[in-house]
Structure formats: C-alpha cells, structure tokens
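Computed over heavy atoms, backbone and side chain alike; hydrogens, waters and symmetry mates excluded.
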Amino acid sequence: MEHGRFAADAGGRRAIPRTVWMLGLVSLFMDLSSELIHSLLPIFLVSGLGASVLAVGVIEGVAEATALIVKVFSGAISDFLGRRKGLLLAGYGLAALSKPLFPLAHSVGTVFAARFIDRIGKGIRGAPRDALVADVTPPEIRGAAFGLRQSMDTVGAVLGPALAVVLMLAFTDIRHVLWFAVVPGVVAMALLFWGVREARPGPGEARPFRSPIRWGAARDFGAAYWRVVAIGAVFTLARFSEAFLILRGQDMGLSIAWAPAVLIVMSLFFTVSAYPAGWLSDRVPRTAVLAAGLVLLVLADLALAATGGGVRALLAGAALWGLHMGFSQGILSAMVADTMPPGLKGTAFGIFNLASGVCMLLASVLAGWLWQDWGPSATFLAGAGFAAMALLGLAVPAGRGRAA
C-alpha cells in the first residue's frame with residue numbers, strides 16, 4: 001500500500017512498497033551512526049572511564065529497556081493520531097542529537113544520559129515505524145517486508161563497526177572516532193524528512209486515545225497475540241546486550257581497535273539471513289522459523305561460553321548470534337502483526353515491547369552480575385538456558401492466528 005493502497009508490480013504480483021525501502025535506508029544510516037558508537041562504547045566505559053562490567057550491564061539494560069517501554073506510548077499515540085511520520089521525525093531527531101554527547105563525555109553519568117536520550121528516540125520511533133510497515137504492506141508479503149527493512153537496518157550495523165575499526169586504526173583515539181557518528185545521523189534525518197511518505201489511514205484506523213497499559217486493554221487482544229508476547233519476553237531474557245559480545249572479544253585477546261570486528265561478523269550474518277528468513281516465514285509456520293532462531297542462539301551462547309576455543313570460537317559464536325537475529329527479529333514483528341486487532345497496530349507493538357523491555361533490563365543486569373562474580377562463561381551459559389526455555393514455550397499449542 002502506497003498512500004493507503006497496496007501496490008503491485010507490472011506482473012500483478014505484490015511489490016514491497018517504496019515507503020518500506022525508504023524506511024530501510026533511514027534505518028541503515030541511523031544504525032551506521034549508532035553502531036559505530038556502540039561497537040566502541042563498552043570498551044570506552046571500562047577502559048576509558050573505569051566502569052565495572054556490572055555498570056555496563058545496568059547502563060545497557062536501562063537504555064534498551066527504556067527504548068522498548070517508550071514504544072508502548074508512541075504506538076498508542078500513533079494509533080490515536082492515525083499518522084506515523086511525526087513521531088518518526090521526533091524519534092530519529094533525538095537519536096541524532098545524542099550523538100555528539102558521547103565524544104564529549106568525561107564521566108559514566110554523561111554516557112548514561114546520552115544512551116538514555118538515544119534510546120528514548122529509538123522508543124519513540126520504533127512502534128510507529130513497524131506500524132507504518134504494516135500499514136503499507138499486504139499480509140501475504142508482510143514477512144518479506146519486515147525482513148527487508150531489518151536487513152537494510154543491519155547493513156548499517158555492519159558498516160558502523162567496520163568504520164569504527166578503520167577509524168581506530170587511523171586515529172587510535174576513541175573520542176576522535178566517536179565524532180564521525182554525527183554525519184550518518186544527519187543523513188538519516190534528511191532521508192526521513194524528504195523520502196518517507198505517510199500512509200493514508202483506512203476507515204476506522206484513527207481511534208480515541210486509550211492508555212495501552214490499562215488492564216481493560218487486554219480484552220482487545222486474543223490468545224494468539226498474548227502467546228507471541230510471552231514468547232518474545234522469554235526470548236529477550238536470553239538476548240542480553242551485544243555489549244557483552246564486544247567485551248568477550250577483548251577478554252579473548254582482541255585489541256581495542258579490532259574488538260568491533262565481533263559485531264561486524266554478527267551483523268553480516270544477520271544481514272544475509274533476515275530477508276530469507278522473512279520470506280520463508282510467509283510460506284511455512286512462523287513458529288518453525290523462530291524455533292530455528294532459538295536453536296542458533298543456544299549454539300551461539302555455548303560457543304561464546306567456551307574457554308578454550310580462542311578467536312575461532314568467538315567468531316563462530318558471533319556468526320551464530322547473527323543468524324539467530326535474522327531468524328527471530330523480523331519474525332517476531334511479523335507474528336505480532338499477524339495476531340493484532342484491526343486499528344491497534346501501534347498499540348500491539350507497544351505492549352509487545354513493554355514486556356520485552358522489562359525482560360531486557362533484567363537480562364542485561366543479570367548478565368553483568370554473572371560476568372563480574374562468576375566470569376564470562378556463566379553469562380553465556382545462562383543465556384543458553386533462557387533460550388532453551390523459550391524454545392519449550394513454542395511447543396505449547398497455539399491459539400488461532402497465522403503466527404502458529
């Protein structure tokens with residue numbers, strides 16, 4: 001649907017709309033900016049500012065949980081307005097404004113504030129962006145559309161750490177390198193402002209505003225939707241912040257300049273798998289694709305927990321982690337879209353992310369505590385255990401809905 005109508009190519013087949021492609025480009029450049037920073041930030045905190053690994057876990061947990069929880073309100077507001085682009089501009093704008101704060105930081109508190117602002121921006125834009133993809137895409141190619149946007153996002157996640165490695169080898173000073181993240185953030189804003197078009201709301205799309213955290217809202221969603229929320233929450237417990245992958249790389253002997261290579265490997269495998277996994281999920285049960293992603297996560301955690309595997313085990317774990325992301329992130333979004341009530345797209349994504357946000361906070365704090373008191377292997381073994389729990393949850397008989 002482009003401007004409220006589904007588009008088809010010359011052969012009459014459903015074509016992925018231009019809006020989805022443009023949103024993918026916006027995500028690409030903003031992720032390039034963000035991942036350039038994030039690929040160096042854990043080391044900057046620990047080596048440059050003297051933070052503990054537990055502190056890194058708290059900062060990452062609060063930041064990522066904030067992003068997910070803010071999506072609750074941005075999704076509900078976008079449903080109320082019947083428009084998405086204004087919230088996208090606000091969210092991406094906050095993220096762009098936060099970038100200069102990182103190289104200017106001389107304390108853990110300043111980094112925390114910058115991460116908090118950046119993640120508020122992500123929270124504001126996340127649910128309306130996913131809802132806009134659902135608005136403009138016909139159901140039969142929805143998995144492919146979410147997979148495409150996720151793949152383009154992940155291209156930025158590859159380029160960001162790659163650029164960080166090149167710049168660190170050239171300049172060696174982390175603060176100097178962090179300044180380069182400002183430029184792609186500005187490009188992302190320009191693409192969003194001039195390139196993304198608002199979809200016309202269909203009949204009954206805009207609704208009176210209702211707080212999505214009222215208990216009464218539960219009556220608007222069916223059992224299939226709540227099952228997806230529960231699976232996503234347990235899954236998030238297994239997926240603590242990627243900051244721990246970077247710290248694991250340094251722990252296993254990578255230099256500061258080359259530590260971001262862990263994210264490059266992870267993101268490359270995420271990129272090449274996200275779209276095919278989305279395409280596959282339009283043709284087989286989505287739960288089967290998600291189950292494959294959980295198996296990949298268990299294998300990734302076991303590889304990263306290995307103490308004698310060296311750099312090969314580290315890179316294998318990063319590759320498996322990226323594959324599991326490709327087989328899960330877009331799939332979970334498509335499962336939410338499949339089971340949500342009409343007219344509550346943004347709210348459905350918001351509630352899903354509220355549950356995931358609480359679990360992300362718990363997961364990252366737990367990961368930091370386990371690392372600090374019991375060592376890196378304990379962190380990844382715990383992640384494998386939670387992934388196995390989520391896999392068992394998929395075996396529970398599903399209610400009605402395409403997600404099953």
For residues 53-60, dump all side-chain donor-acceptor pairs below 3.5 Å to protein atoms at least two apart in sequence or in another chain.
residue: E60; atom: OE1; partner: R115; partner atom: NH2; Å: 2.7
residue: E60; atom: OE1; partner: S241; partner atom: OG; Å: 3.1
residue: E60; atom: OE2; partner: R115; partner atom: NE; Å: 3.3
residue: E60; atom: OE2; partner: R115; partner atom: NH2; Å: 3.3

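Residue L94 comes nearest to G121 through the heavy atom pair CB-CA, 3.9 Å, listed as atom of the first residue, atom of the second, then distance. Considering all non-hydrogen atoms of both residues, P42 and A243 come closest at CG-CB, 3.5 Å. The shortest non-hydrogen separation linking A318 to L304 is N-CD2, 4.4 Å. Closest approach of S377 and R248 over heavy atoms only: OG-NH2, 4.0 Å. The minimum heavy-atom distance between G123 and V70, with the atom names listed, is C-CG1, 3.7 Å. The minimum heavy-atom distance between A306 and M252, with the atom names listed, is O-CE, 4.4 Å.
Within the 3.5 Å criterion, the main-chain N or O of A105 finds a donor-acceptor partner in the side chain of R175. Judged purely by atom type and a 3.5 angstrom limit, R18 uses its side chain to pair as donor or acceptor with the backbone of G195. Looking at S33, its side chain does come within 3.5 Å of a backbone N or O of A181 through a donor-acceptor pair. A donor-acceptor pair under 3.5 Å is formed between the side chain of D301 and the backbone N or O of A384. S328 places a side-chain N or O within 3.5 Å of a backbone atom of H324 that can act as its donor or acceptor partner. Without hydrogens or angle criteria, R149 side chain to W21 main chain gives no donor-acceptor distance under 3.5 Å. For S107 (side chain) and T110 (main-chain N/O), a donor-acceptor pair under 3.5 Å exists by modelled atom type. Remark: side-chain polar atoms of K85 are paired, donor with acceptor, to backbone N or O of V196 under 3.5 angstrom. Counting only distance, with no hydrogens or angles, the side chain of R283 and the backbone of W279 share a donor-acceptor pair below 3.5 Å. A donor-acceptor pair under 3.5 Å links the side-chain atoms of T379 to the main chain of A367, judged by distance alone.
Side-chain contact between E242 and M266: present, with at least one pair of heavy atoms (C-beta onward) separated by less than 4.5 Å. Counting only heavy atoms from C-beta outward, the side chains of L366 and F386 approach each other to under 4.5 Å. Residues M30 and V187 fail the side-chain proximity criterion, which asks for heavy atoms closer than 4.5 Å. A 4.5 Å side-chain heavy-atom check between L132 and L88 finds at least one atom pair inside the cut-off. In this structure, the side chains of T137 and I16 stay at 4.5 Å or more apart for every pair of heavy atoms. A heavy-atom distance below 4.5 Å is not found between the side chains of E35 and P260. With contacts defined as side-chain heavy-atom distances shorter than 4.5 Å, the pair T19/L23 qualifies. You'll find the side chain of S52 reaches within 4.5 Å of the side chain of Q372, heavy atoms only.
Comment: R142 does not engage D282 in a salt bridge, judged by the lack of any side-chain N to carboxylate O separation of less than 4.0 angstrom.
Going from atom CG of L323 over to atom CZ of F270 covers 10.5 Å, rounded to the nearest 0.5 Å. One distance of note links OG of S356 with CG of L361; it measures 12.5 Å at 0.5 Å rounding. To the nearest 0.5 Å, atoms CZ (R129) and CG (L192) are separated by 11.0 Å. Rounding to the nearest 0.5 Å gives a distance of 11.5 Å between CD1 of I256 and CG of L254. Interatomic distance, D173 CG to L178 CG, rounded to the nearest 0.5 Å: 8.5 Å. Between atom CG of residue L247 and atom CG of residue D251 there is a gap of 8.5 Å, rounded to the nearest 0.5 Å.
Using cut-offs of 30° and 60° on the angle between ring planes, the pair F180 and F171 is tilted.
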Check your understanding: Stepwise, does the side chain to side chain contact (heavy atoms under 4.5 Å, CB included) test hold for S364 with E64?
Key -> CA-CA 9 Å; S364 292; E64 295 299 337; 5.8 Å; no
Review point. Hey, mind stepping through L89 and M189 against side chain to side chain contact (heavy atoms under 4.5 Å, CB included) and telling me if it holds?
Key: CA-CA 7 Å; L89 287 168; M189 286 300 298; 4.3 Å; yes
Exercise for review: Show your reasoning for whether ring-ring contact (aromatic ring centres under 6.0 Å, His included) applies to F240 and W321.
Suggested key: CA-CA 11 Å; F240 40 79; W321 191 288; 5.6 Å; yes
Review point. For L167 and L36, what are the C-alpha separation, side-chain angles and deciding distance, and is it a side chain to side chain contact (heavy atoms under 4.5 Å, CB included)?
Key: CA-CA 10 Å; L167 292 172; L36 191 160; 4.2 Å; yes
Exercise for review: Starting from the C-alpha separation in whole Å, work towards a yes-or-no answer on side chain to side chain contact (heavy atoms under 4.5 Å, CB included) for Y92 and S27.
Suggested key: CA-CA 9 Å; Y92 280 107; S27 293; 3.4 Å; yes
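Environment of CH2 in W258: sparse, with no more than 12 heavy atoms of neighbouring residues, nucleotides or ligands closer than 6.0 Å.
Of the N and O atoms on the side chains of K122 and S34, not one donor lies less than 3.5 Å from an acceptor on the other residue.
The ring of W374 has its center no closer than 6.0 angstrom to the ring center of F380.
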